[in-house]
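Atoms considered below: every heavy atom in the structure, side chains included; atoms not considered: hydrogens, waters and symmetry mates.
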Amino acid sequence: MKTTVFLGTVGAAALAAGVAGAATLDDVQERGTLNCGVTTGLVGFAAPNASGEWEGFDVALCRAVAAAVLGDPTAVEFVPTTGKTRFTALASGEIDMLARNTTWTFSRDNDLGFEFNGINYYDGQGFLVPRDLGVTSAMDLDGATVCVQTGTTTELNLADFFRKNNISYEPVPIETNAEAQQQYLAGACDAYTTDASGLAATRATFEAPGDHVILPEIISKEPLGPLVRHGDNEWGDIVRWTLNALIAAEEYGVTSANVEDMASAAGDSPEVNRLLGTEGNLGEMIGLESDWAVNAISAGGNYGEIFAQNIGEDTPIGLARGLNAQWTDGGLLYAPPFR
């Protein structure tokens, strides 16, 4: 999910914060906790469990970064943000990184003054409708009321789709996914539109998920990923390469179950040895200990483990890997070399 409002104001603030806070690593280490911006609640991606502990796909990335930097995956302060507040929170320094189903776009990377640190989920915008509406295609939504989160490029994509296809709609503005769910189930809108992964996560919380259908059309590209402020390259490198470590670990068969054993002595793979710190000095290059990646992988597993546990086909969310499979399996996941 995505935003375009107040670009100049937030961009200026981000630029100032980037210059003033160009030592985020020092701040995090001195504080002893990572302040990580997440969504206000999206099951499977970021939401408190029954015990009040945050869990989910995006939460796992926050914990991996905390483990890499602080050696403790629990040393995270989760800061809930909406589509409107997330960028202000990052620009102001309230959070150290944002891991909140946020789409990488040109304006966010440049005008807002942020730095995207890779893609952790390849997504696209879709539509959720009640099965008894009798709609099988987004092209059948002419004249429909559509719940859409404000302050996001979801609004722009929605307008583009209906204008391009010469059909009409009435937007029903909402602030959060929880509000969207409430409005949608109350019948205030015929359809709800957001990233397809978000629709699957939302539907999974319904009493009767089978009564609702995600339409086949994907109307946009939504590469989701973590981001930090411009101007702090060392911190950006840490977030980027922590994500890369999780992706590479899956490719090379390094898991939460075997990472400690594999790191105890150099193995046959030079790439894995460099990743796990038994060879070379990659940790030193980014200001971390040699076992930074071991700690990150131990926190919640490699990318595949994190995906399967939180949003995979055996969870209520039920997402297939699809584009988010490894490049060796026909997907788009591809970590640069650790050398």
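For Glu289, the side-chain hydrogen bond (donor to acceptor under 3.5 Å, both in side chains) criterion is met by no residue, not counting sequence neighbours. With sequence neighbours excluded, the residues that form a ring pair (Phe, Tyr, Trp, His ring centres under 6.0 Å) with Tyr169 are Phe162. Evaluation of the side-chain hydrogen bond (donor to acceptor under 3.5 Å, both in side chains) rule for Tyr184 yields His212 as partners, not counting sequence neighbours. Listed by chain and residue number, nothing satisfies the side-chain hydrogen bond (donor to acceptor under 3.5 Å, both in side chains) test with Thr315 (two or more places apart in sequence, or in another chain). Legend: residues meeting salt bridge (charged side-chain N to carboxylate O under 4.0 Å, His left out) with Glu94, ordered by chain and number and at least two apart, are absent. Under the rule for a side chain to side chain contact (heavy atoms under 4.5 Å, CB included), the partners of Asp26 that lie at least two apart in sequence or sit in another chain are Ala23, Gln29. Take Trp292 and apply the ring pair (Phe, Tyr, Trp, His ring centres under 6.0 Å) test, not counting sequence neighbours, and it matches no residue.
Residue Trp327 is found in a hydrophobic cluster whose other members, listed by chain and number, are Tyr334; membership requires side-chain heavy atoms under 4.5 Å apart, directly or through intermediates.
For residues 133-147, the side-chain hydrogen bond (donor to acceptor under 3.5 Å, both in side chains) pairs, not counting sequence neighbours, are Ser137-Glu217, Asp142-Ser168, Thr145-Asp190. Judged as a disulfide (SG to SG under 2.5 Å), not a single pair has a partner in residues 238-286 (not counting sequence neighbours). Pairs of residues two or more places apart, or lying in two chains, that qualify as salt bridge (charged side-chain N to carboxylate O under 4.0 Å, His left out) and include a residue from residues 316-339 are Glu250-Arg321. Applying the disulfide (SG to SG under 2.5 Å) rule to pairs touching residues 50-164 yields Cys36-Cys62, Cys147-Cys189, sequence neighbours excluded.
Nearest heavy-atom pair across Asp109 and Glu115 is OD1-CA, 4.0 Å.
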